[in-house]
Amino acid sequence: VNKISRWKILTLFITVFWGGHTNFKEIHMYEGKNITLKTKQNLPIHVDGEVVGSGNVDIQVCHKAIHFIGTKCPK
């Protein structure tokens with residue numbers, strides 16, 4: 001998100017539900033399997049609503065890395 005007014009952020013939040021936020025000129029989308037986020041300041045890192053550390057972040061997408069435990073869905 002780049003240089004966006006507070007009023008436009010409110011509009012943006014509503015559009016997230018149907019993917020409309022990707023059409024805003026202030027929104028930039030990137031894709032990759034290995035991503036490194038570096039900041040000039042030491043910022044907190046949040047994962048699922050919890051602070052897990054601070055600093056730079058390395059993200060790696062691993063194919064089929066999530067395993068679910070439970071019963072199969074009924075047909």
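Small disclaimer: the values here were computed from a predicted structure and weren't measured. In this chain, residues are counted from 1 in sequence order.
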If you look at every heavy atom in [X] and [Y], which pair is closest and at what distance?
X	Y	result
Val47	Val52	CG2-CG2, 3.5 Å
His28	Lys25	CE1-O, 3.9 Å
Val51	Pro44	CG1-CB, 4.4 Å

Checking [X] now: which residues fulfil side chain to side chain contact (heavy atoms under 4.5 Å, CB included) with it, not counting sequence neighbours?
X	result
Gln60	Asn34, Cys62
Ile59	Ile35, Leu37, Val57
Ile27	Val1, Leu12, Phe24, Met29
His63	none

**Asked** Hydrophobic clusters join Ile, Leu, Val, Met, Phe, Trp and Tyr when side-chain heavy atoms are under 4.5 Å apart, directly or via other members; which others share one with Tyr30?
**Response**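 Other cluster members: none.
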**Request:** Could I get the full list of side-chain hydrogen bond (donor to acceptor under 3.5 Å, both in side chains) partners for Asn2, not counting sequence neighbours?
**Result:** none
**Asked** Under a 4.5 Å side-chain heavy-atom rule over Ile, Leu, Val, Met, Phe, Trp and Tyr, are Phe13 and Ile4 clustered together?
**Response**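 Yes; Ile4 is reachable from Phe13 via cluster members.
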**Gap between atom CG of Asn56 and atom CG of Leu43 - 0.5 Å precision** = 9.5 Å
**Request:** Could you list all the salt bridge (Lys or Arg N to Asp or Glu O under 4.0 Å) pairs where at least one residue sits in residues 38-63, not counting sequence neighbours?
**Result:** none
**Asked** Which residue pairs pass the side-chain hydrogen bond (donor to acceptor under 3.5 Å, both in side chains) test with at least one member in residues 5-18, sequence neighbours excluded?
**Response**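 Output for this query lists Lys8-Glu26.
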